[in-house]
Structure formats: structure tokens, C-alpha cells
Amino acid sequence: MLTKAQWHYCLDEMERMFPDAHCELVHENPFELLVATLLSAQCTDVLVNKVTKTLFQKYKKPEDYLAVSIEELQTDIRSIGLYRNKAKNIQALSKQLIELYDGEVPANRDLLTTFPGVGRKTANVVVSVAFDIPAIAVDTHVERVTKRLGLCRWKDSVLQVEETLMKKTPIELWSKAHHQLIFFGRYHCKAQNPNCPECPLLAVCREGKKRMSKIV
DNA sequence: CTCCCGATAT
DNA sequence: ATATCAGGAG
């Protein structure tokens, strides 16, 4: 397992590699971020942005998503994948927003998870990015990177990963570290071909050292 | 655990 | 052909 000093070394190096890591889901308000994040499940953010570019011109408010048929909304987001569930969730979520929150996205993680299609990860993204509330959303990249490094156990749940990250990272760094973990996982410590030979974290990485010893 | 699911990279 | 992608619900 990584020591505290080793983890802070990782945070420093990721800051060096990706100093401008940020949310790559294009949005102009909390509602757009909520929809974009819901759409991003099992889909690249590049594809999400391609769809929302036209989607957000057609649908501005929750009412707009309820004004069309489910089939029409499905067609508008079909290229995203999982489009039947996502279309249904967007309409149900819009209805709940109007009836219980006057159409405004609540700045509260636990309230957000009561919305259909919104789990802990999506809720953490929204409160963190849209409302500057400290949170660490554990997506596929964050989970993979923290487990490869050895900060977490391979058998840990995403909630356990989140708790470990919150415990071992100063709260003022949560948002930045969260995005740097994603950039590091997306562009360097990739799922299929991680670039271990050129990795500045190799010296402290459990999985990296194992992979490199196999090559030699 | 399974299902949902199209686009892209390997 | 197969793996993966800013997951969530039953």
C-alpha cells in the first residue's frame, strides 16, 4: 500500500503532468451538467459533447424534455448508447425537478441521488463542478488508477475507493486531484496500454513495477 | 450479478 | 473480434 508521502508525491507529479485538468463535459449551467453527466455513463465525453452541442440548443429547461415524446428524445441521444434508459431517466428527472425543486438543480449530493439515473458518482460531479462543494467522484479512470498505484485494494468497492481518497487527500485538493486522476487515467495510465516506461509514478506504482518486471 | 448499448480504439 | 467508455438500477 502507498504511504502518505508516496501518495503526496503522486499528487505533485500529476499536478506537474496535468496542471489544467478540468471537467471536459461542456455545459453552461448546473442543469446542463446534470444531463451531460447522466449521458456520460459508459460513453466517452467526446461523444457526449458531440450530442449535447445540438441537444442543449433544442432543450433548455426541464419542461422542454417533457414536451416531446420518449421516442423523439431517444432519437436525439441514440448515438450515446444506453439511450432507452437515459431518455427515460432524463424525463423522469425533469419531472421531479419541476415538481419538487421548482426546476432548479439542488446543490446537495444526497438530494441529487434521489433522482432517477443519478447515482453517487454523478451527484459528486454535479456538486463538485457546478457548486464548488468538495467531493471526489469515482469513475472508471479514478478507480483503475488508484488501484493500480496501490492506494486501494483491488477488491475495494467504488465507495471504499472514494473514502480512501477523501481520507488521504487534503480537502482543498479534492476537486483538483479528482480531475488530475481522470486526466492521468484517460491520457497516460490508460486501460489497455498504460505508458509505464515513461511514467513519473513508476517508482511508487504497484502495478507499474509488476508490469515492467515482466517485460525484462 | 446482469442488463442496458452505440462509437471508437486496439 | 474484442475491450472500453466520466454508471445506475433491478
Side-chain angles (χ1 to χ4, degrees), chain A residues 14 18 20-27 30-56 70-71 73-96 105 109-131 133-148 152 154-162 165-166 174-196 207 211:
Chain A
M14 285 190 287
F18 305 104
D20 58 351
H22 62 283
C23 177
E24 297 199 294
L25 293 169
V26 177
H27 64 283
F31 181 56
E32 286 190 355
L33 178 63
L34 179 58
V35 173
T37 310
L38 188 150
L39 289 175
S40 71
Q42 296 294 290
C43 175
T44 61
D45 56 341
V46 174
L47 201 50
V48 173
N49 291 335
K50 197 174 295 182
V51 166
T52 56
K53 183 173 183 180
T54 53
L55 190 75
F56 291 164
I70 185 74
E71 291 80 8
L73 183 54
Q74 284 177 6
T75 301
D76 289 335
I77 66 172
R78 184 171 43 82
S79 61
I80 289 291
L82 308 180
Y83 60 90
R84 275 182 272 257
N85 284 334
K86 289 174 182 175
K88 179 159 55 73
N89 286 333
I90 288 173
Q91 288 196 327
L93 168 155
S94 295
K95 187 177 181 186
Q96 187 171 332
V105 177
R109 204 256 312 281
D110 294 324
L111 288 180
L112 283 167
T113 55
T114 68
F115 286 78
V118 180
R120 191 177 177 92
K121 177 256 167 182
T122 298
N124 277 335
V125 169
V126 172
V127 296
S128 169
V129 174
F131 300 112
I133 297 172
I136 298 178
V138 178
D139 68 350
T140 181
H141 299 297
V142 175
E143 179 177 12
R144 181 180 67 251
V145 169
T146 54
K147 288 184 176 180
R148 276 181 178 168
C152 307
W154 285 107
K155 59 195 296 188
D156 283 351
S157 66
V158 289
L159 184 57
Q160 287 175 307
V161 171
E162 181 184 331
L165 279 168
M166 291 191 292
W174 285 6
S175 178
K176 194 72 178 187
H178 156 65
H179 288 112
Q180 284 167 344
L181 278 167
I182 290 177
F183 271 56
F184 180 68
R186 183 179 294 161
Y187 303 116
H188 189 94
C189 189
K190 293 182 284 189
Q192 290 187 278
N193 290 100
N195 190 0
C196 299
E207 183 68 13
R211 284 170 179 266

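Because the structure is a prediction, the values reported are computed rather than measured. Chain identifiers are assigned alphabetically (A, B, ...) following the order of the sequence lines, protein sequences preceding nucleic acid strands; residue numbering begins at 1 within each chain.
- Remark: P of C:dT4 and CD1 of A:I182 are 18 Å apart, rounded to the nearest angstrom.
- Nearest to the side chain of A:A191, among C:dC5, B:dC4, C:dA6, sits C:dC5.
- The listed nucleotides are B:dC4, C:dA3, B:dG6; the one nearest the side chain of A:Q192 is C:dA3.
- Between A:D45 and A:P116, the residue anchored nearer the 5' end of DNA chain C, judged by the nucleotide with its closest heavy atom, is A:D45.
- Taking the P atom of each, B:dC5 and C:dG10 are spaced 14 Å apart, rounded to whole Å.
- An OP1 or OP2 oxygen of C:dG7 is reached within less than 4.0 angstrom by no side-chain nitrogen or oxygen of A:R120.
- Formation of a donor-acceptor pair under 3.5 Å by the A:K86 side chain with backbone atoms of A:A41 is found in this model.
- Rounded to a whole angstrom, the distance from the P atom of C:dA1 to that of B:dC4 is 23 Å.
- Within the structure, a side-chain polar atom (N or O) of A:R84 is placed less than 4.0 Å from OP1 or OP2 of B:dC5.
- Using a 4.5 Å heavy-atom threshold, the side chains of A:T37 and A:L25 count as touching.
- Residues A:F115 and A:A137 both approach DNA chain C. Their nearest nucleotides, taken by heavy-atom distance, put A:A137 toward the 5′ side.
- Rounding to the nearest 0.5 angstrom, the gap separating the NE2 atom in A:H179 from the CE atom in A:M14 is 13.0 Å.
- Rounded to an integer number of Å, the gap from A:K121 NZ to C:dC5 P is 12 Å.
- A straight line from OH of A:Y83 to P of C:dC5 spans 22 Å, rounded to a whole angstrom.
- Within the nucleic acid shown, A:R78 comes within 4.0 Å of sugar-phosphate atoms alone, with no base atom in reach, counting heavy atoms only.
- Contacts of A:V118 with the nucleic acid, taken as non-hydrogen atoms under 4.0 Å apart, involve only primed sugar atoms and P, OP1 or OP2.
- Within the 4.0 angstrom heavy-atom criterion, no nucleotide atom of any strand lies near A:T37.
- Checking side-chain atoms of A:S157 against main-chain N and O of A:Q160 turns up a donor-acceptor pair under 3.5 Å.
- Distances shorter than 4.0 Å separate some side-chain N or O of A:T122 from OP1 or OP2 on C:dG8.
- The distance from atom CG of A:L38 to atom P of C:dG8 is 8 Å, rounded to the nearest whole Å.
- For B:dT8, the OP1/OP2 oxygens have a side-chain nitrogen or oxygen of A:K50 closer than 4.0 Å.
- The distance from atom CD1 of A:I80 to atom C1' of C:dG8 is 16 Å, rounded to the nearest whole Å.
- The phosphate of C:dC5 (OP1 or OP2) has a side-chain N or O of A:R144 nearer than 4.0 angstrom.
- Phosphate proximity of C:dC5 to A:T140: present, with a side-chain N or O under 4.0 Å from OP1 or OP2.
- Going from atom NE2 of A:H141 over to atom P of C:dA6 covers 3 Å, rounded to whole Å.
- Ring to ring, A:H188 and A:F183 are not that close: their centroids are 6.0 angstrom or more apart.
- Nucleotide C:dG10 holds its C1' atom 15 Å from the CG atom of A:L82, rounded to whole Å.
- Taking atom P on both C:dA6 and B:dA9, the two are 12 Å apart, rounded to the nearest angstrom.
- The interatomic distance linking A:Q42 (CD) with C:dA3 (C1') rounds to 11 Å, in whole Å.
- Taking CG of A:L181 as the reference point, atom CG of A:L165 lies at 6.0 Å (rounded to 0.5 Å).
- A:N89 comes within 4.0 angstrom of nothing in the nucleic acid, heavy atoms only.
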